[in-house]
Amino acid sequence: GYSRQDMLGQPIDMLLRERCRSEHPQWRTGYVDQPTARKMGAGRDLFGLRKDGTEVPVEIALNPIEADEGSFVLSAIVDITDRRALEDAQRELNRELEARVAERTRDLELAGLSMQESEERFRTLADSAPTLIWLTEMDQGCSWLNERWLNYSGRTLEESIGLGWLDIVHPDDQEAAKSAYL
């Protein structure tokens with residue numbers, strides 16, 4: 001919020017929260033004694049102060065510069081408000097997901113189902129389904145097939161595990177399948 005004119009000739013402390021200003025001279029002296037390129041505040045939250053008095057989370061990098069006129073410090077200060085908000089939102093989503101997984105696990109346990117029993121139920125249902133079921137991760141080979149698929153393909157489970165989806169398409173149809181799905 002400051003203009004260039006507002007800042008020229010002013011101490012850098014004007015950008016610090018009031019409670020940090022008394023410690024800042026010793027931090028500056030420590031840096032001048034050992035000037036190296038570094039990020040400030042590793043492991044700490046740093047805040048800058050806008051002209052209107054609002055505190056803003058920042059990331060600061062310091063770099064010493066030697067010039068004919070003397071020694072200087074280049075300080076790059078980045079407002080990380082948006083990044084911090086995204087990180088907070090991601091942490092909240094992770095907490096919600098962990099809570100949902102814990103809740104689902106409790107539900108299965110209360111229903112008397114272990115994860116192994118739940119897996120067995122899935123396989124039983126999938127094997128009795130009137131459709132072909134193929135499990136895979138994107139861009140990876142097959143990890144599981146139902147009985148109907150094995151009967152349809154004439155392959156064993158061992159022969160089928162690891163096959164990519166395109167491996168099971170007839171060679172005459174592979175180009176059409178690629179253009180339809182890739």
Side-chain angles (χ1 to χ4, degrees), residues 1-111 113-116 118-119 122 133-144 162 164-166 177-182:
Y2 291 98
S3 70
R4 181 185 307 253
Q5 287 308 111
D6 289 338
M7 296 192 70
L8 287 176
Q10 299 299 317
I12 194 69
D13 295 349
M14 69 187 280
L15 299 175
L16 300 176
R17 300 187 292 183
E18 188 67 42
R19 61 186 171 272
C20 298
R21 288 183 186 167
S22 62
E23 298 170 340
H24 196 244
Q26 71 190 30
W27 294 336
R28 279 195 323 260
T29 301
Y31 181 79
V32 170
D33 290 343
Q34 294 182 326
T36 57
R38 66 176 183 167
K39 283 187 175 181
M40 285 181 53
R44 293 190 325 225
D45 288 333
L46 296 179
F47 292 87
L49 193 62
R50 288 190 175 142
K51 186 176 182 176
D52 67 5
T54 5
E55 293 182 359
V56 181
V58 294
E59 188 173 84
I60 302 173
L62 300 176
N63 288 289
I65 297 175
E66 294 296 328
D68 292 339
E69 298 83 11
S71 298
F72 296 91
V73 176
L74 173 65
S75 177
I77 303 169
V78 179
D79 178 342
I80 58 170
T81 301
D82 293 340
R83 183 175 72 195
R84 182 71 56 85
L86 288 172
E87 289 168 349
D88 290 346
Q90 182 178 7
R91 275 191 290 278
E92 182 57 31
L93 287 172
N94 286 342
R95 276 192 292 274
E96 288 175 18
L97 181 58
E98 288 169 3
R100 290 167 87 185
V101 167
E103 181 181 340
R104 181 67 180 131
T105 302
R106 275 191 308 276
D107 290 348
L108 289 172
E109 289 169 353
L110 289 174
L113 296 177
S114 67
M115 292 305 273
Q116 181 179 356
S118 178
E119 175 83 12
F122 162 76
I133 299 177
W134 162 293
L135 294 179
T136 185
E137 298 292 325
M138 288 300 278
D139 299 329
Q140 294 183 13
C142 169
S143 60
W144 187 83
W165 70 272
L166 200 54
K178 278 193 238 178
S179 64
Y181 294 107
L182 297 179

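Heads up: numbering here begins at 1 and tracks the sequence.
With sequence neighbours excluded, no residue forms a salt bridge (Lys or Arg N to Asp or Glu O under 4.0 Å) with R100. Every residue was checked against the side chain to side chain donor-acceptor pair (under 3.5 Å) condition with Q34, not counting sequence neighbours, and none meets it. Listed by chain and number, the residues in a salt bridge (Lys or Arg N to Asp or Glu O under 4.0 Å) with E69 amount to none (sequence neighbours excluded). With sequence neighbours excluded, no residue forms a side chain to side chain donor-acceptor pair (under 3.5 Å) with Q10. Under the side chain to side chain donor-acceptor pair (under 3.5 Å) criterion, S3 pairs with D6, not counting sequence neighbours. Under the rule for a side chain to side chain donor-acceptor pair (under 3.5 Å), N94 has no partner lying at least two apart in sequence or in another chain. Looking at residues two or more places apart in sequence or on another chain, you find a side chain to side chain contact (heavy atoms under 4.5 Å, CB included) between E96 and E92, L93. Partners of L8 according to the side chain to side chain contact (heavy atoms under 4.5 Å, CB included) rule, which considers only residues two or more places apart in sequence or in another chain, are R4, Q5. With sequence neighbours excluded, no residue satisfies salt bridge (Lys or Arg N to Asp or Glu O under 4.0 Å) with R104. The side chain to side chain contact (heavy atoms under 4.5 Å, CB included) test applied to V73 returns Y31, L62, not counting sequence neighbours. With sequence neighbours excluded, no residue forms a salt bridge (Lys or Arg N to Asp or Glu O under 4.0 Å) with R106.
With rounding to the nearest 0.5 angstrom, the CD atom of Q90 is 11.0 Å from the CZ atom of R95. Atom CG of L15 is separated from atom CD1 of I60 by 8.5 Å, given to the nearest 0.5 angstrom.
Screening residues 74-85 for salt bridge (Lys or Arg N to Asp or Glu O under 4.0 Å), with sequence neighbours left out, gives D45-R84, R50-D79, E59-R83, R83-E87.
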